[in-house]
Number of protein chains: 2
Amino acid sequence: MDRDQVEELRSLQDTLYFIGGKWRIPIMNSICNGNRRFREIERSIPGITTRMLSRELKDMEANKLLKRNVYADTPVLVEYEPTEHCRSFGNIISEMINWGRSHRNVVVEREDC
Amino acid sequence: MDRDQVEELRSLQDTLYFIGGKWRIPIMNSICNGNRRFREIERSIPGITTRMLSRELKDMEANKLLKRNVYADTPVLVEYEPTEHCRSFGNIISEMINWGRSHRNVVVEREDC
DNA sequence: TCTTTTGGTATACTTAAGTATAGTAGTTAC
DNA sequence: GTAACTACTATACTTAAGTATACCAAAAGA
């Protein structure tokens, strides 16, 4: 194992740690797709609970992945805005979508046989 | 949420499900980097236990991500070989390495301030 | 007035993922 | 003969992640 591979593995594991669970990437994707409000994001990700969404959003704000803007009109309006840091995940997310798409095709092919 | 976003989310979640835990991507990376034998892969990923490696390799074989070749010389030699399916993850892995690298730089910058 | 919507929090629980540690059977090196 | 390596499996346990459910206050709509 040469030096490069050690550094690559470290970068890889950092990213994986950052992605963490099941929901962060879908949330990033949703926000980058233009969803801004809590219920809007929630509806865009079937199956997520308010608890998980709430926790993730808080954590993501702390990690500078998004900005939480509160507009104190009545009723109060809360919007989550992606940062550049969040958008920098775009390539990973696109690649994941591509992979998932072609993987599904492979599975479908197998099922046809 | 239009049709496209539903399909994208599905692809994304499929991929995330496939990646699963903490170890699969590092294992794929290791094997694609040329590591072939059990102990070789194990040593290339500090912290992994034989149990996790064993489980993952088995699961990955079942999912056609790799081929397990047994050479019945004495002593028996076992080699894990990546399939095209595994290599197709290359883009995701590269993007993750890139992200991890630049994220670390960002963190280092912050620490310097 | 009653229901629904918004933007969440609190509590309790389950399950999946991962860790720690030991052991197996065969082989080779000293 | 004993220590170390290969390629694992087995058992027991911990912890983190996720689920289920209920609830809150304020506002708007029917």
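Throughout, a chain's letter reflects where its sequence line sits, starting with A, and its residues are numbered from 1.
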> Please state how far atom CD1 in Ile19(A) lies from atom C1' in dA17(D), giving the value in whole angstrom units.
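Whole-Å distance recorded here is 16 Å.
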
> Check each of Met60(A), Glu40(A), Arg68(A), Arg36(A) against Tyr80(A) using the side chain to side chain contact (heavy atoms under 4.5 Å, CB included) test, and report the only one that passes.
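In the set Met60(A), Glu40(A), Arg68(A), Arg36(A), the residue that makes a side chain to side chain contact (heavy atoms under 4.5 Å, CB included) with Tyr80(A) is Arg68(A).
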
> Nearest of dC8(D), dT19(C), dG8(C) to any side-chain atom of Tyr80(A)?
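So the nucleotide nearest the side chain must be dG8(C).
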
> So, does the side chain of Arg55(A) form a donor-acceptor pair with the base of dT9(C) at under 3.5 Å?
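Not at all, since no donor on one side and acceptor on the other fall under 3.5 Å apart.
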
> Of Arg51(B) and Arg39(B), whose closest DNA chain D nucleotide lies nearer the 5' terminus?
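Per heavy-atom nearest nucleotide, the more 5' residue is Arg39(B).
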
> Should the heavy atoms of other residues, nucleotides or ligands under 6.0 Å from CZ of Arg55(A) be counted, would the total exceed 12?
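Atom CZ in Arg55(A) is not crowded, with 12 or fewer foreign heavy atoms closer than 6.0 Å.
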
> Would you tell me whether Asn29(A) and Glu8(B) have side-chain atoms, one donor and one acceptor, within less than 3.5 Å of each other?
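No donor-acceptor contact under 3.5 Å links the two side chains.
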
> Using atom CE of Met52(A) as one end and atom C1' of dT9(C) as the other, report the distance to the nearest whole Å.
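Going from CE in Met52(A) over to C1' in dT9(C) covers 14 Å.
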
> Mark yes or no for whether Thr83(B), through its side chain, and Leu65(B), through its backbone, hold a donor-acceptor pair below 3.5 Å.
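Flag set: sc Thr83(B) to bb Leu65(B) pair under 3.5 Å.
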
> Do the side-chain N or O atoms of Ser54(A) get closer than 4.0 angstrom to the phosphate oxygens (OP1, OP2) of dG8(C)?
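For dG8(C), neither OP1 nor OP2 has a side-chain N or O of Ser54(A) closer than 4.0 Å.
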
> Polar-atom pairs under 3.5 Å, protein N or O versus N or O of nucleotides 25-30 of chain C: list them with distances, or write none.
{"unit_1": "dT28(C)", "atom_1": "OP1", "unit_2": "Thr74(B)", "atom_2": "O", "d": "3.2"}

> Return the value, rounded to whole Å, for the distance between atom CD of Glu79(B) and atom P of dT6(D).
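To the nearest whole Å, that distance equals 14 Å.
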
> Grab the CG-P distance between Asp59(A) and dA16(D) for me, whole Å please.
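Interatomic distance, CG of Asp59(A) to P of dA16(D): 14 Å.
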
> Please tell me if Arg68(A) has a side-chain N or O lying less than 4.0 Å from either OP1 or OP2 of dG8(C).
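Checking Arg68(A) against dG8(C): at least one side-chain N or O falls below 4.0 Å of OP1 or OP2.
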
> Between dT24(C) atom C1' and Phe38(B) atom CZ, what is the distance in whole Å?
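To the nearest whole Å, that distance equals 14 Å.
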
> Any N or O donor-acceptor pair under 3.5 Å from the base of dT9(D) to the side chain of Thr50(B)?
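Flag set: donor-acceptor pair detected.
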
> Between dG8(C) atom C1' and Ile48(A) atom CD1, what is the distance in whole Å?
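About 13 Å, once rounded to whole Å.
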
> Is the shortest distance from a Lys or Arg side-chain nitrogen in Arg104(B) or Glu7(A) to a carboxylate oxygen in the other one below 4.0 Å?
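Salt bridge present between Arg104(B) and Glu7(A).
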
> Quick one: is Lys58(A) getting a side-chain N or O under 4.0 Å of the dG8(C) phosphate, OP1 or OP2?
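For dG8(C), OP1/OP2 do not have a side-chain N/O of Lys58(A) under 4.0 Å.
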
> Hey, is the main chain of Gly90(B) close enough, under 3.5 Å, to the side chain of Ser94(B) for a donor-acceptor pair?
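Side chain of Ser94(B) to backbone of Gly90(B): a pair is present.
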
> Is the phosphate of dA7(D) approached by Arg43(B) (side-chain N or O, under 4.0 Å from OP1 or OP2)?
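False: Arg43(B) side-chain N/O out of range (4.0 Å or more) of dA7(D) OP1/OP2.
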
> Send over the distance from Lys22(A) NZ to dA16(C) C1', rounded to a whole Å.
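Taking atom C1' of dA16(C) as the reference, NZ of Lys22(A) is at 11 Å.
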
> Has Tyr71(B) got a side-chain N or O lying under 4.0 Å from the OP1 or OP2 atom of dT6(D)?
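No, Tyr71(B) has no side-chain N/O under 4.0 Å of OP1/OP2 on dT6(D).
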
> Between P on dG8(C) and CD on Glu40(A), what's the gap in Å once rounded to a whole number?
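It is 13 Å, rounded to the nearest whole Å.
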
> Considering all heavy atoms of both residues, which atom of Thr15(B) and which atom of Trp99(A) are nearest to each other, and what is their separation?
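For Thr15(B) and Trp99(A), the tightest heavy-atom pair comes out as OG1-CE3, 3.7 Å.
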
